[in-house]
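Written below as C-alpha cells is the structure these notes are about.
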Amino acid sequence: MKEDIKKISESSHLILTEEQLDKFTNQISSILDSFKELDELDTKEIEPSFHPTIRKNIFREDKVEKGLSIEEAFANTEHKENNFFKGPRAV
Amino acid sequence: MNSIEFIKKVNEGAIDIVKHTESVLESCKNIDKNYDCFITIAEKSALEQAKEIKKRLSKKEKLPLAGLPVSIKDCISTKGIRTTAGSKILENYIPPYDAEVILKLKKAGAIIIGKTAQDEFGFGTFSTNCAFKIPKNPLDRDHSAGGSSGGAGVITKKADFPHIAIAESTGGSISAPSSFCGVFGLTPSYGLVSRYGLISYADSLDKIGVMAKSTKEIELMLNQISGFDKKDATSLQIKKKFKIKKEFKGMKIGIPKECLKNIDKSVENSFYSAVEKLKKQDIKVEETSFPLSKYVVSAYYVIAVSEASTNLAHLCGMRYGLSDKLEGGFNEFFSKVRTQGFGEEAKRRIILGTYARMAGYREQYYLKAMKVRTLIINDYLKLFKKYSALISPTMPVLSPRFEEIEKLTPLQNYQMDILTVGPNLAGIPMLNVPLETKTLPAGLHILGNYLDEDKLLSLGSVFG
C-alpha cells in the first residue's frame, strides 16, 4: 500500500515527506477498507449513474462567440511572452 | 426589517442605498473581526455597485433584489473580486469573468458584499480545512460553524441588516453549516441553478444554493438564480416559479428509521418537537425505511474524491493561481507549486480519488459506487411515490468544539455526513430548518423529489 500511495502522489505532482507518507498510508487504508462495504450490495444488473438525473446533450450552434480578451486571459499569470503562456521546460 | 421589506423600500426610494451599503460594510468588518466569516470583504466594488443601483433606480427601474446585500461563497467566480475557494493555491486569483449566478444577481440589483470563508474547495464538514481563517460558530466561538459553507452560515446568522447568502453544496455543505449556525439552507435539485463559474469540487454533485433567516427570503432568491443556462451542460431546461403555499391537507411525510440511529439526545428531542409541530398542520407523519443509508457515506466519498482528483489537476501554477520561478522540468515545477498550494485534506482527497480511479481498482471502487448511486436514487424515487417529503435530523450532533474536531480521524470526519450525503448523491433538493435546543441549534432536514423545492419551502415555512 505504501508503495502505491508513493506512486500516486508522484503522478499527482504532490511531494510527501516520509512522515506524511506513513500517515496518509494508514488513513487511506482504513478509508478504502470502509469503502469495501459496498461489495455487500448486488449491482450485477445495475447501470452506473454518472449523473443524478438522466439528461440529453445540449448543443449550441457552431458559431464563434465572444470569449475572454487576451489581457483578461493573461491577467492572472506572470509567465507570459508574446501572447503565449510560458511553461516549465518539457524535456 | 427582512430582505423583502427592504427591497420594497429601496424600490420606493425610501432608503439611500449608498449610505446603507457603507453601514453594511462596517457591520461586516465588525462581525468578521470576531467570527472570521469573510475571506474578502468587497468594499470597493460593493460601493461602486451601490452607486450604479442608485442610478438605475433614479431612472425608475424596478429591481427584484434592489440594493440587497448578498454574500457569496468563495468558490463562485466574481469578476474583479478575489476568488480563492478557500485554498492557498488560488490565493491571488482574480477571475476575469462572473459566474452565471453572479450575472443574475447583478442584473436583479443585488450588492455583493464579500466572499465567505469555506473549507478548501469544499473539502470538509466543519470549515476547519481552511487555508486562511477558520469561521467560528455565531453562538459560541469555541464551536464550529459547520462546513464547507461555514462563513455563509455565520454571516447569515449574525447579519444585523437584510442579507441572503449564496452558498454551495456537494455532500452537505449547505445543510451542515445551516444546522450548526441555526439558519435556513436550501440545496436545490441538481441542475436547477447554473454551475457556470463555480470552481468545481465534484461536477456530478455540486449545486449552488441559498442560506437565509426565513423561507420567504429563500423563495425570493431561488426564483432569481434558478433557470436554464446554455453555458452549463448539466443545466435543467425548465422554467419554474417557486411559491410557498400553506396547504398541507392530505400530505404524508416519512421518517426513515435508519436516520435516527446514533443521534445526539438533544438533536433527537428537537427533532420530535418539530414532528409534533408538523402534525398540528394536518400532516400525517409516519416511520418508513431507507435501508441503503448504511452505504451512502462510502458511495458518496468514492465518487466525490474521484471527481475532485481530476478537477484539481488543472491547478499547476501556469495560467493562474499560485506560481513560482520557472526553474527545472515540468514535473519538478508542477510538484513544487501543488505541494505548496494544497492543504492536507486536499492532498489526501487527490490521492484517494486517484487510487479509486486507478487501473485495476476502477471497477472495484469508482464504478461500484456509481452503481450503488443508481440503487440509492431508485430507492428515494420509490419513497417519493408514497411520501410528499422525507424528514430526519440534519446533523447527528450539535456543533462540536474545535478541540473535539481535532481528535477525529479523516474517516470519522466523513461519517459525520451520514444524513446529508444521500440526498446529495441523488441530486434531490433538501432544506435545513433551524431548531432550538437548550444549547446550540439543531436542524430538521426535509428532502423532496426533484424540483419539489416549493413543497420543501412550504413545509419549512411552518417554522419561519
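- Between chain B and the options A:Gln20, A:Lys86, A:Glu10, the largest number of non-hydrogen pairs under 4.5 Å is found for A:Lys86.
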Report the C-alpha distance between A:Glu37 and B:Ser298 in whole Å, list the side-chain angles of each, state the deciding distance to 0.1 Å, and finish with yes or no for side-chain contact (heavy atoms from CB on, under 4.5 Å).
CA-CA 8 Å; A:Glu37 69 180 4; B:Ser298 290; 2.8 Å; yes
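- Not one N or O on the side chain of B:Arg338 forms a donor-acceptor pair closer than 3.5 Å with the backbone of A:Leu14.
- Of all non-hydrogen atoms in B:Arg373 and A:Ser49, the two that sit nearest each other are NH1-O, 3.0 Å.
- The candidate from B:Lys230, B:Gln415, B:Lys347 with the greatest count of non-hydrogen atom pairs under 4.5 Å with chain A is B:Lys347.
- Among B:Ile351, B:Leu312, B:Val337, the residue making the largest number of heavy-atom pairs under 4.5 Å with chain A is B:Ile351.
- Using a 4.5 Å cut-off on side-chain heavy atoms (C-beta onward), A:Thr77 and B:Met318 make no contact.
- Each of A:Asp39, A:Ile31, A:Leu32, A:Ile5 has some count of heavy-atom pairs under 4.5 Å with chain B, and the biggest count is that of A:Leu32.
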Apply side-chain hydrogen bond (donor to acceptor under 3.5 Å, both in side chains) to the pair A:Glu40 and B:Tyr295, showing each step before the final yes or no.
CA-CA 9 Å; A:Glu40 293 167 17; B:Tyr295 303 99; 2.6 Å; yes
Using side-chain contact (heavy atoms from CB on, under 4.5 Å), reason through B:Leu411 and A:Gln27 one step at a time and then give a plain yes or no.
CA-CA 8 Å; B:Leu411 184 58; A:Gln27 291 171 338; over 6 Å; no
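- Taking chain A as the reference chain and counting heavy-atom pairs below 4.5 Å, the highest number among B:Ile428, B:Leu375, B:Thr409 is found for B:Leu375.
- Interface remark: A:Lys23 contributes side-chain atoms only to the contact with chain B (heavy atom separation under 4.5 Å).
- Contact of B:Phe333 with chain A is made through the side chain alone, with heavy-atom distances under 4.5 Å.
- For B:Gln340, no part lies under 4.5 angstrom from a heavy atom of chain A.
- Both the backbone and the side chain of A:Phe50 have a heavy atom closer than 4.5 Å to some heavy atom of chain B.
- Between the OG atom of A:Ser11 and the CE atom of B:Met358 there is a distance of 8.5 Å, given to the nearest 0.5 Å.
- Annotation: B:Gln412, atom CD; neighbour count of heavy atoms from other residues, nucleotides and ligands within 6.0 Å is above 12.
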Yes or no on side-chain contact (heavy atoms from CB on, under 4.5 Å) for B:Leu352 and A:Phe24, after CA distance, side-chain angles and deciding distance?
CA-CA 9 Å; B:Leu352 190 55; A:Phe24 277 13; over 6 Å; no
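- In terms of non-hydrogen atom pairs under 4.5 Å with chain B, the most contact-rich of A:Ser69, A:Ala75, A:Ala90 is A:Ala90.
- Your options are A:Ala73, A:Ser12, A:Ser30, and the one with the most heavy-atom pairs under 4.5 Å with chain B is A:Ser12.
- Neither the backbone nor the side chain of B:Ser309 comes within contact range of chain A; no heavy atoms are under 4.5 Å apart.
- Chain A forms more heavy-atom pairs under 4.5 Å with one residue of B:Ser204, B:Gly191, B:Pro95, B:Ala233 than with any other, namely B:Ser204.
- For the pair B:Thr339 (side chain) and A:Ile15 (backbone), a donor-acceptor distance under 3.5 Å is present.
- Annotation: maximal heavy-atom pairing with chain A below 4.5 Å, among B:Asn331, B:Asp203, B:Ile350, occurs at B:Asn331.
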Given the rule in the side-chain contact (heavy atoms from CB on, under 4.5 Å) test, do B:Tyr355 and A:Met1 qualify, once you have shown the distances and angles that lead to the verdict?
CA-CA 10 Å; B:Tyr355 193 103; A:Met1 175 58 100; 3.8 Å; yes
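- Residue B:Leu205: no heavy atom, backbone or side chain, is found under 4.5 Å from chain A.
- When all heavy atoms of A:Pro88 and B:Leu326 are compared, the closest pair comes out as N-CD2, 3.7 Å.
- Between B:Tyr190 and A:His51, the ring planes are tilted. Angles from 30° to 60° get that label.
- Surrounding NZ of B:Lys79 are at most 12 heavy atoms belonging to other residues, nucleotides or ligands under 6.0 Å away.
- The two residues A:Pro52 and B:Ala426 come nearest to each other via the heavy atoms CB-O, 3.2 Å.
- Residue B:Tyr300: no heavy atom, backbone or side chain, is found under 4.5 Å from chain A.
- Rounding to the nearest 0.5 Å gives a distance of 11.5 Å between CD of A:Glu72 and OH of B:Tyr97.
- Heavy-atom distances place the side chain of A:Leu16, and not its backbone, under 4.5 Å from chain B.
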Just do the side-chain hydrogen bond (donor to acceptor under 3.5 Å, both in side chains) check on B:Ser323 and A:His79 with the steps written out, would you?
CA-CA 9 Å; B:Ser323 194; A:His79 303 311; 2.8 Å; yes
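- Both the backbone and the side chain of B:Tyr301 come within contact range of chain A, judged by heavy atoms closer than 4.5 Å.
- Between the side chain of A:Asn76 and the backbone N or O of B:Ile94 there is at least one donor-acceptor pair closer than 3.5 Å.
- More than 12 non-hydrogen atoms from other residues, nucleotides or ligands lie less than 6.0 angstrom from NZ of B:Lys240.
- Both the backbone and the side chain of B:Ala369 come within contact range of chain A, each with at least one heavy atom under 4.5 Å from a heavy atom of that chain.
- Around atom CD of B:Glu363, no more than 12 heavy atoms belonging to other residues, nucleotides or ligands sit under 6.0 Å away.
- Heavy atoms of B:Asn378 lying under 4.5 Å from chain A are absent altogether.
- For B:Asp324, the part lying under 4.5 angstrom from a heavy atom of chain A is the backbone only.
- Closest heavy-atom contact between B:Ala299 and A:Leu38: N-CD2, 3.9 Å.
- Contacts between B:Tyr366 and chain A at a heavy-atom distance below 4.5 Å involve the side chain alone, from C-beta outward.
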Working note: A:Glu45 + B:Lys371, criterion salt bridge (charged side-chain N to carboxylate O under 4.0 Å, His left out); need CA distance, chi angles, decisive distance, verdict.
CA-CA 9 Å; A:Glu45 308 293 322; B:Lys371 290 177 181 178; over 6 Å; no
